[in-house]
Amino acid sequence: MAQRIRKAVFPVAGLGTRFLPATKTVPKEMLPIIDRPLIQYAVDEAIEAGCETLIFVTNRYKHAVADYFDKAYELEQKLEKAGKLEQLALVREILPPHVRAVFVTQAEALGLGHAVLCAKPVVGDEPFAVLLPDDLIWNRGPGALKQMADHAEAEDVGVVAVQDVPRALTGSYGIVSAPDFNQRHGLIQAIVEKPDPTDAPSTLAVVGRYVLPPGIFHYLETAAPGAGGEIQLTDAIARLITDTRVDAYRFKGTRFDCGTHMGLIEATIRFALDHETLSEGARATMQAALDELGVRIVE
Ligand code: G1P
């Protein structure tokens with residue numbers, strides 16, 4: 001048994017240019033699926049997995065993320081006075097009392113690997129999680145990170161989440177080679193960032209959830225710029241696996257790539273259709289819209 005993760009890193013310093021003009025003032029992590037910002041889903045997943053220290057790697061423009069996790073005295077007072085206790089609970093429960101949020105600044109946008117390295121002084125010498133909030137993962141049972149953290153603890157390995165993608169899409173992902181993959185997990189023997197479909201060692205793509213040993217920092221500190229001229233987390237993992245076991249893990253659940261328009265739309269539709277109080281209305285609205293456009297859904 002290895003040490004359980006207690007800390008989670010959320011790289012949230014990206015510019016979110018795909019969602020301009022909205023992201024001119026609203027960080028992409030604050031875009032909502034129904035009424036909860038993307039970052040909240042990732043945070044809940046980390047807390048469920050056992051994390052108590054949440055480290056947000058942000059830039060100087062991203063006050064909204066820090067404000068969101070800060071206590072809002074005025075709002076709470078107003079809701080209390082107005083007797084809006086349900087809403088008051090929603091605001092108060094953003095973070096449970098045993099969890100603390102720490103903010104670290106990434107002064108320059110030098111890549112995902114560099115963002116993770118910025119969290120080193122807070123992570124220290126223990127295993128930790130990295131969650132990319134763009135990747136929203138939905139599961140009826142335990143969340144993806146909990147599944148991975150359990151595996152990491154039981155097997156004393158690092159863990160990288162993967163899913164199968166069409167070969168044509170390997171250029172958008174980190175791709176792993178795990179020859180002994182047993183449907184659920186397998187030791188990573190190679191990992192490469194965004195290979196061309198013709199060069200990709202497999203079609204097992206990295207999804208934005210990682211459980212990493214502190215040894216990764218050494219490789220991030222000494223990393224040379226990789227794909228896109230950025231310090232890549234994938235490249236550091238490629239060097240880490242020369243001395244540390246890291247498993248690829250095919251989690252149970254559905255992943256929505258909310259870094260794209262279609263992913264955000266898909267997640268919104270799926271969450272609305274599954275929503276306790278909104279599902280009926282959502283179904284009726286979608287049906288009406290499809291009827292109006294003359295679109296038939298093939299059964
Ligand atoms: C990052 C990682 C990539 C991973 C992807 C998952 O890429 O570098 O290895 O497959 O997240 O979402 P990005 O999407 O930030 O370009």
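Whatever order the structure lists ligands and atoms in, that order sets their numbers, starting from 1. Bear in mind the structure is a predicted one, so any value in this text is a computation, not a measurement.
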Rest of the hydrophobic cluster containing Leu90 (Ile/Leu/Val/Met/Phe/Trp/Tyr, side-chain heavy atoms under 4.5 Å)?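 Members other than Leu90 - counting any ILVMFWY side chain reachable under 4.5 Å - there are none.
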Should the proximity of [X] to ligand 1, defined as any heavy atom under 4.0 Å, be assigned to the side chain, the backbone, both, or neither?
X	value
Val206	both
Glu230	neither
Leu132	side chain

Within the 4.0 Å heavy-atom shell around Arg255, which atoms of ligand 1 are there?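 Close to Arg255: 12 (O).
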For ligand 1, which atoms sit closer than 4.0 Å to a heavy atom of Asp135?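 Per the distance check, 6 (C), 12 (O).
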Quick one: nearest non-hydrogen protein atom to atom 2 (C) of ligand 1, plus distance?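 For this ligand atom, the closest protein heavy atom is Glu193 OE2, 3.6 Å.
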Pairwise side-chain contact, Val192 with Pro201, heavy-atom cut-off 4.5 Å (strictly under):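 SC-SC contact between Val192 and Pro201 confirmed.
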If the contact criterion is a heavy-atom separation under 4.0 Å, does Gln163 count as touching ligand 1?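 Under 4.0 Å: no for Gln163.
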Under 4.0 angstrom from ligand 1, any heavy atom of Leu233?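 Under 4.0 Å: no for Leu233.
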Evaluate Phe10 against Phe103 for ring-ring contact (aromatic ring centres under 6.0 Å, His included), listing each step before the verdict. CA-CA 10 Å; Phe10 302 85; Phe103 293 85; 10.0 Å; no
Backbone or side chain, does any N or O of Lys194 fall under 3.5 Å from an N or O of ligand 1?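 It does: an N or O of Lys194 is found under 3.5 Å from an N or O of ligand 1.
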Should the pair Arg245-Asp156 be classified as a salt bridge under the 4.0 Å nitrogen-to-oxygen rule?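 No.
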